[in-house]
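So the structure is just underneath, and the comments pick up after that.
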Amino acid sequence: MKASLSDAKKVFNDKRKQAQDSLKLILTKYPNYLDIRVFLASIYSWDGNYNSARKEFEYILKKDENRKTDWIAYIKNEQYAEKYYKALQL
């Protein structure tokens, strides 16, 4: 299953809450769909919800620690949250 283009467009049309709801609904059926979780984590981070983004990134990377771009996004989330020491630890 792939994230639909309409879900992506919602994010960029300032309908992030609606996109979050759609992504969460997908995750209720497919909790290990990591690409959807990354998308959700990114939206959280863009909106300044760094703790929520952190939880999603931790879940993702616990499932698959070889996802390099997700590690980078996780580190950036910590930098945006001004958690520089945490970012260095990753």
Side-chain angles (χ1 to χ4, degrees):
M1 180 171 185
K2 292 184 178 180
S4 72
L5 182 57
S6 65
D7 285 335
K9 286 181 179 178
K10 286 177 189 175
V11 171
F12 297 109
N13 289 330
D14 295 324
K15 295 183 180 178
R16 287 188 176 103
K17 178 64 178 139
Q18 198 173 1
Q20 286 176 16
D21 291 343
S22 296
L23 296 171
K24 288 178 191 176
L25 180 63
I26 293 168
L27 289 172
T28 61
K29 289 189 172 196
Y30 306 97
N32 292 320
Y33 191 172
L34 301 183
D35 291 335
I36 293 293
R37 279 195 190 276
V38 169
F39 196 16
L40 182 59
S42 297
I43 295 170
Y44 285 148
S45 188
W46 296 335
D47 287 344
N49 297 327
Y50 306 118
N51 289 334
S52 296
R54 182 179 301 117
K55 289 176 187 174
E56 295 299 333
F57 284 122
E58 288 172 352
Y59 181 94
I60 294 159
L61 295 167
K62 183 177 179 185
K63 293 286 183 183
D64 183 357
E65 64 184 25
N66 295 316
R67 297 174 64 99
K68 183 179 176 181
T69 56
D70 298 338
W71 278 108
I72 293 167
Y74 186 14
I75 291 167
K76 287 182 179 182
N77 181 70
E78 297 307 317
Q79 290 174 328
Y80 301 148
E82 298 181 359
K83 303 285 186 186
Y84 304 111
Y85 185 72
K86 170 100 175 146
L88 287 171
Q89 290 177 317
L90 299 174

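Note that the structure is predicted; figures quoted are calculated from it, not measured.
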Please round to the nearest 0.5 Å and tell me the distance separating atom [atom1] of [X] and atom [atom2] of [Y].
X     : Y     : atom1 : atom2 : value
Ile43 : Lys17 : CD1   : NZ    : 10.5 Å
Ser22 : Leu27 : OG    : CG    : 11.0 Å
Lys55 : Asn49 : NZ    : CG    : 10.5 Å

Item to complete: Mind jotting down which residue pairs meet the salt bridge (charged side-chain N to carboxylate O under 4.0 Å, His left out) criterion with at least one end in residues 22-35? Sequence neighbours excluded, please.
Response: Asp35-Arg67
Worksheet, complete the sentence: Quick note, salt bridge (charged side-chain N to carboxylate O under 4.0 Å, His left out) partners involving residues 40-50, not counting sequence neighbours, are Arg16-Asp47
Fill in: Smallest separation among heavy atoms of Ala53 and Ala41, with atom names
CB-O, 3.4 Å
Practice prompt. If you link ILVMFWY side chains whenever their heavy atoms are less than 4.5 Å apart, which other residues fall into the same cluster as Leu25? By chain and number, please.
Written response: none
Worksheet item: Who are the side-chain hydrogen bond (donor to acceptor under 3.5 Å, both in side chains) partners of Asp64, not counting sequence neighbours?
Response: none
Discussion item. Could you work out, with side-chain hydrogen bond (donor to acceptor under 3.5 Å, both in side chains) as the rule, every residue matching Ser45, not counting sequence neighbours?
Written reply: Asn77
Fill in: Cluster overlap Leu23 with Ile60, hydrophobic side-chain contacts below 4.5 Å
no
Practice prompt. Answer with yes or no whether the hydrophobic clustering places Ile72 together with Val38; edges join I, L, V, M, F, W, Y residues whose side-chain heavy atoms lie under 4.5 Å apart.
Written response: no
Worksheet entry | Which residues share a side-chain contact (heavy atoms from CB on, under 4.5 Å) with Tyr59, sequence neighbours left out | Pro31, Asn32, Leu34, Arg37, Lys63
Worksheet entry | Side chains of Gln20 and Tyr44 in contact at under 4.5 Å (non-hydrogen atoms) | yes
Worksheet item: By salt bridge (charged side-chain N to carboxylate O under 4.0 Å, His left out), which residues pair with Lys86, not counting sequence neighbours?
Response: Glu58
Worksheet entry | Qualifying residue, where the test is side chain to side chain donor-acceptor pair (under 3.5 Å) with Glu78 and the options are Gln89, Arg54, Lys83 | Arg54
Worksheet item: Tell me the ring-ring contact (aromatic ring centres under 6.0 Å, His included) pairs involving residues 69-90, sequence neighbours left out?
Response: Phe57-Tyr74
